Structures are given as C-alpha cells and as structure tokens.
Amino acid sequence: MSWLVLVLAGLVEVAWAQSIKPTENFTRPLPTLVCFVLCVAAVYLLSLAMNSLPVGTAYAVFTGIGAAGAIALGVVIYRDPLTFGRIAALALIVGGVALAGEGDRLAVTAIARPSRGGMPRRSARPCAAR
C-alpha cells in the first residue's frame, strides 16, 4: 500500500510541477492556489508513504517520478526538444529509481538470510586492545 501511495505522490508532484508555469510568477490567484494545493498534497502523500518505507528510498522514488514526468510532459505539452541528453537523463532516472526500490529489498533479504557460514564473529574488545 505504501508503494501505491508513493507512486500517487509522485504523480501529484508531476501535476504540481506542471502547475507552476501557469501561475505566471504567482501573480494569477487561481493557478497559484491550484499550485499550492498540489504541492501540499504531494508532500502529504509522500509523508504517508514514509511511515513504512525508508526515507531515502521514498524520496528518491518521489523525486524520480517527478523529474521523469516533468521531462516527459515538457516534451509532450510544451514541445521541449527531445535530445539525446534528455533521453539519457530519463534512462538514468528510471534506472536509479528502480535500483533504489530494489536495493532496499535486496538489503533486507541479505540481512534476513545470512550466508552459509553465518555472520562473522566480532570481538568484544575495542580495536586498540587487540
């Protein structure tokens, strides 16, 4: 459920990013209100997701969805040029988000199932006393 809330938060962040331009430097009241509401909604949903997801992972996924969505919608809506750099940036963002989400799961698996030899033994003595 937390991942679903996190994805929703990222999508709301994409909408929020797109809502900034129509405010015309926050001089138009209605678009400015919409912008602020979307911003608060995105951060609120992010905070809900962080109740059960690691902060770093949640924030990386949140900003990754926002960045990738902002680039994609910029190309589609505002006809921003689709350059090799943007395509590479999107690929790196998507790969980083996937690795951040998968990395936490792999770390938990490694801790839950130690290697055959078990965990290495640690000496109770401080390093200087060895």
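Quick note: numbers below take in every heavy atom, side chains included, and nothing from hydrogens, waters or symmetry partners. Model, not experiment: these values are computed from the prediction.
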Minimum heavy-atom separation for [X] to [Y], with atom names?
{"X": "Ala49", "Y": "Ser2", "value": "CB-O, 3.7 Å"}
{"X": "Ile93", "Y": "Gly64", "value": "CG2-O, 3.4 Å"}
{"X": "Pro31", "Y": "Pro22", "value": "CB-O, 3.6 Å"}

Determine whether more than 12 heavy atoms belonging to other residues, nucleotides or ligands lie under 6.0 Å from atom CG of Asn25.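 Check fails, neighbour count at 12 or below.
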Are Glu13 and Leu46 side-chain neighbours, meaning at least one heavy-atom pair lies under 4.5 Å?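 Answer no - side chains too far apart.
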Test item: Trp3 and Val61 side chains (from C-beta on) under 4.5 Å apart, heavy atoms: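 Yes, close enough: below the 4.5 Å cut-off.
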Going from [atom1] on [X] to [atom2] on [Y], what distance comes out if it is rounded to the nearest 0.5 angstrom?
{"X": "Asp80", "Y": "Leu73", "atom1": "CG", "atom2": "CG", "answer": "10.0 Å"}
{"X": "Leu11", "Y": "Ile65", "atom1": "CG", "atom2": "CD1", "answer": "6.0 Å"}
{"X": "Ile20", "Y": "Thr32", "atom1": "CD1", "atom2": "OG1", "answer": "10.5 Å"}

May I ask whether [X] and [Y] are part of the same hydrophobic cluster, defined by side-chain heavy atoms of I, L, V, M, F, W, Y residues being less than 4.5 angstrom apart, directly or through others?
{"X": "Val14", "Y": "Val5", "value": "no"}
{"X": "Leu38", "Y": "Tyr78", "value": "no"}
{"X": "Val75", "Y": "Ile77", "value": "no"}
{"X": "Val12", "Y": "Tyr44", "value": "yes"}
{"X": "Val97", "Y": "Phe62", "value": "yes"}

Applying ring-ring contact (aromatic ring centres under 6.0 Å, His included), can you list everything that pairs with Phe36, at least two apart in sequence or on another chain?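 ring-ring contact (aromatic ring centres under 6.0 Å, His included) check on Phe36 returns Phe26.
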Check: Ile71 main-chain N/O paired with Arg86 side-chain donor or acceptor under 3.5 Å: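 Checked: no pair found.
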Passing option when Leu45 is tested against Leu6, Val7, Leu8 for side chain to side chain contact (heavy atoms under 4.5 Å, CB included):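 Among the candidates, only Leu8 passes.
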